[in-house]
Structures are given as structure tokens and as C-alpha cells.
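Values in this document were obtained by computation on a predicted structure and should not be read as measured data.
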Amino acid sequence: MPLIALLLAGLAIALEEVIQWQFGAMGLVAVALLTVGIKAKNTACLSIGAVVLVLLVQPVLG
């Protein structure tokens, strides 16, 4: 079980680094809001983080 938790933590850190590299500080803020929203079950933070991330990804996709 600790190995799985360690791997998931490493994956989360890697994902945050890739998002920050690709989308800058605003991407990191969006991921942080998503994380806080999920952990605290706060739909406002979750929704704002998702919307910001979609707005950042939209120009890249098309």
C-alpha cells in the first residue's frame, strides 16, 4: 500500500510540473484549485479550477 501511495504522489507531482511547464502559473493555479476542490468537496473551487484549465487547454487543442 505505501508503494502505491508513493507512486501516486510522484505521478501527481510530475503532472503538476508538466502542466506548469505547458500552461505556466495559471495552469498550476487551476490544478491547485481542482485538488483543493476534490479534497475539500468544495464545488466552487472544483468548478473554477476546471473552467480555468479548460480555457487554458482550448487554444492548444484547436
Enquirer: Apart from L55 itself, what residues make up its hydrophobic cluster when side-chain heavy atoms of I, L, V, M, F, W and Y under 4.5 Å apart count as a link, directly or indirectly?
Expert: V51
Enquirer: Please say yes or no: joined through hydrophobic side-chain contacts below 4.5 Å, possibly via intermediate residues, are V52 and L15 part of one cluster?
Expert: yes
Enquirer: Who else is in the cluster with I4 when I, L, V, M, F, W and Y are joined by side-chain contacts under 4.5 Å?
Expert: L8
Enquirer: Just distance, no hydrogens or angles: give the donor-acceptor pairs under 3.5 Å from side chains in residues 23-42, sequence neighbours left out.
Expert:
residue : atom : partner : partner atom : Å
T35     : OG1  : V31     : O            : 2.8
N42     : OD1  : A44     : N            : 3.1

Enquirer: Got a sec, which hydrophobics cluster with L11, joining ILVMFWY side chains under 4.5 Å apart, including via others?
Expert: none
Enquirer: About how many Å separate CG of L56 and CD1 of I19, when rounded to the nearest 0.5 Å?
Expert: 9.5 Å
Enquirer: Under the 4.5 Å side-chain heavy-atom rule for ILVMFWY, direct or indirect, which residues accompany L7?
Expert: L3
